[in-house]
Protein chains: 2
Amino acid sequence: MDRVTDVFKALADPTRRIILDELTARDGQTLFELCARLLTQHGLGSSRQAVSQHLGLLEDAGLVEVRREGRCKFHYINTDPLGPIVQRWLRGGDAAGSRKETT
Amino acid sequence: MDRVTDVFKALADPTRRIILDELTARDGQTLFELCARLLTQHGLGSSRQAVSQHLGLLEDAGLVEVRREGRCKFHYINTDPLGPIVQRWLRGGDAAGSRKETT
DNA sequence: TAGACACGCAAGTGTCCGCTTGCCTATTAT
DNA sequence: ATAATAGGCAAGCGGACACTTGCGTGTCTA
């Protein structure tokens with residue numbers, strides 16, 4: 001329902017932030033590739049299912065997009081949702097009062 | 001502790017985001033003032049203790065600062081932690097646009 | 001076709017979150 | 001002093017979250 005909540009909840013987990021770091025360093029990775037690089041580059045021993053669920057949340061939040069090709073699934077970072085959510089409080093003034101519903 | 005996690009977890013709750021909206025519209029409110037305006041301006045019937053705990057988390061995250069005066073406690077928004085947090089994945093500092101041209 | 005490979009689904013588990021409830025301290029007013 | 005005001009502390013509860021476990025589906029390869 002609430003996309004803003006989904007974005008912040010997705011970013012609230014350190015593992016998911018590192019996943020976004022990895023996709024920033026190398027976009028279009030598969031699930032196994034991400035698992036391997038989380039272990040070798042960041043010392044995270046997260047299981048395949050755990051990483052898969054993290055990617056599902058990131059996808060629901062719109063921060064990761066997916067391209068299927070055969071039995072493989074490539075993940076791409078999408079930073080579009082990050083822009084407006086923080087500037088909500090940066091330009092102090094009418095950000096809260098005039099808006100209808102930006103919960 | 002991880003300050004970045006605290007900031008995102010604080011922003012992951014809709015009530016806390018509305019509290020920041022309220023402080024953006026009118027800085028330096030007390031606890032009761034916030035409770036009243038959450039109800040009248042946003043239709044939120046959160047209890048005093050609930051809002052107090054929200055303010056505690058926002059304070060731990062560094063998003064709200066406090067000034068005590070007698071028996072009153074005034075809350076001020078602090079947007080300093082918001083800047084570097086999101087630009088972590090925005091390469092080249094393109095905070096606004098960045099349409100996806102992934103084909 | 002058999003089997004390895006990449007991934008999905010769903011139930012179970014331990015922990016954290018948001019909120020309530022009850023009682024407390026400190027400051028101000030009558 | 002008494003009462004009202006403004007806020008704090010801590011235990012408890014229902015639900016959400018992160019992760020595991022086990023099995024199932026579709027795809028490529030030998």
Side-chain angles (χ1 to χ4, degrees), chain A residues 1-20 22-23 26 28-39 42-61 63-76 103, chain B residues 1-23 26 28-39 42-61 63-76:
Chain A
M1 283 288 285
D2 192 350
R3 191 57 58 104
V4 183
T5 299
D6 292 340
V7 171
F8 279 121
K9 281 192 176 180
L11 295 175
D13 188 85
T15 302
R16 286 195 285 269
R17 291 198 299 272
I18 294 181
I19 288 177
L20 291 184
E22 256 308 312
L23 291 181
R26 176 183 171 88
Q29 296 190 51
T30 66
L31 176 58
F32 272 126
E33 202 174 346
L34 272 170
C35 287
R37 295 194 49 154
L38 284 182
L39 180 61
H42 302 91
L44 293 186
S46 301
S47 70
R48 177 184 65 88
Q49 293 85 348
V51 177
S52 176
Q53 290 172 359
H54 283 311
L55 287 171
L57 287 188
L58 288 169
E59 196 178 340
D60 290 341
L63 292 168
V64 161
E65 290 178 349
V66 170
R67 180 175 58 94
R68 303 223 58 162
E69 189 172 329
R71 65 180 168 183
C72 290
K73 189 180 177 186
F74 303 96
H75 302 82
Y76 300 87
T103 56
Chain B
M1 303 267 196
D2 190 354
R3 193 57 60 103
V4 183
T5 298
D6 292 340
V7 172
F8 279 122
K9 282 191 176 181
L11 295 175
D13 186 85
T15 302
R16 286 195 286 268
R17 292 198 299 273
I18 294 182
I19 288 177
L20 292 184
D21 289 339
E22 257 308 313
L23 291 181
R26 176 183 172 89
Q29 296 189 51
T30 65
L31 176 58
F32 273 123
E33 200 173 349
L34 273 170
C35 288
R37 295 194 49 155
L38 284 183
L39 180 62
H42 302 90
L44 292 186
S46 301
S47 71
R48 177 183 65 87
Q49 293 86 346
V51 177
S52 176
Q53 289 171 0
H54 283 311
L55 287 170
L57 287 187
L58 289 169
E59 196 177 340
D60 291 341
L63 292 168
V64 161
E65 289 178 351
V66 171
R67 180 175 59 94
R68 302 224 55 162
E69 189 171 331
R71 65 179 168 183
C72 290
K73 190 180 177 186
F74 303 96
H75 302 83
Y76 300 87

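Letters go in sequence order (proteins before strands), and every chain restarts at 1.
- Mapping heavy-atom proximity under 4.0 Å, the span of DNA chain C touched by chain B runs 5' to 3' from C/dC17 to C/dT28.
- For the atom pair B/Thr15 OG1 and B/His54 NE2, the distance stands at 4.5 Å (nearest 0.5 Å).
- Protein atom NZ of A/Lys73 is 16 Å distant from nucleotide atom P of D/dC28, rounded to whole Å.
- Atom CG of B/Leu55 and atom CD of B/Gln53 lie 10.5 Å apart (nearest 0.5 Å).
- For the atom pair CZ (B/Arg3) and OG1 (B/Thr5), the distance works out to 11.0 Å, reported to the nearest 0.5 Å.
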Task: Watson-Crick and G-U pairing of DNA chain C, under 3.5 Å, as dot-bracket with | and [ ] - done: ||||||||||||||||||||||||||||||

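- Applying the salt bridge (charged side-chain N to carboxylate O under 4.0 Å, His left out) rule to pairs touching residues 46-57 of chain B yields nothing, sequence neighbours excluded.
- The NZ atom of A/Lys9 sits 7.5 Å away from atom CG of B/Asp13, with the distance rounded to the nearest 0.5 Å.
- Rounding to whole angstrom units, CG of residue B/Leu31 and P of D/dG8 are separated by 7 Å.
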Would you list the atom pairs, donor with acceptor, under 3.5 Å between side chains in residues 65-75 of chain B and any protein atom, with sequence neighbours excluded?
from: B/Glu65; atom 1: OE2; to: B/Asn78; atom 2: ND2; distance (Å): 3.4
from: B/Arg67; atom 1: NE; to: B/Tyr76; atom 2: OH; distance (Å): 3.1
from: B/Arg67; atom 1: NH1; to: B/Glu69; atom 2: OE1; distance (Å): 2.6
from: B/Arg67; atom 1: NH2; to: B/Tyr76; atom 2: OH; distance (Å): 2.7
from: B/His75; atom 1: ND1; to: B/Gln29; atom 2: O; distance (Å): 3.0
from: B/His75; atom 1: ND1; to: B/Lys73; atom 2: O; distance (Å): 3.4

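- Once rounded to the nearest 0.5 Å, the distance linking CD1 of A/Ile18 with OG of A/Ser46 reads 8.5 Å.
- Going from atom CG of B/Leu63 over to atom CG of B/Leu11 covers 5.5 Å, rounded to the nearest 0.5 Å.
- The distance from atom CZ of B/Phe32 to atom C1' of D/dA4 is 11 Å, rounded to the nearest whole Å.
- Nucleotide D/dA4 holds its C1' atom 8 Å from the CZ atom of B/Arg71, rounded to whole Å.
- Every pair passing side-chain hydrogen bond (donor to acceptor under 3.5 Å, both in side chains) that includes a residue from residues 30-39 of chain B is listed here, sequence neighbours excluded: B/Glu22-B/Arg37, B/Arg26-B/Glu33.
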- [ ] Go through the steps for B/Leu39 and B/Cys35 under the test side chain to side chain contact (heavy atoms under 4.5 Å, CB included), then give the verdict.
- [x] CA-CA 6 Å; B/Leu39 180 62; B/Cys35 288; over 6 Å; no

Task: Base-contact (B) and sugar-phosphate-only (S) positions in nucleotides 9-20 of chain D, heavy-atom cut-off under 4.0 Å, - elsewhere - done: -B------SSBB

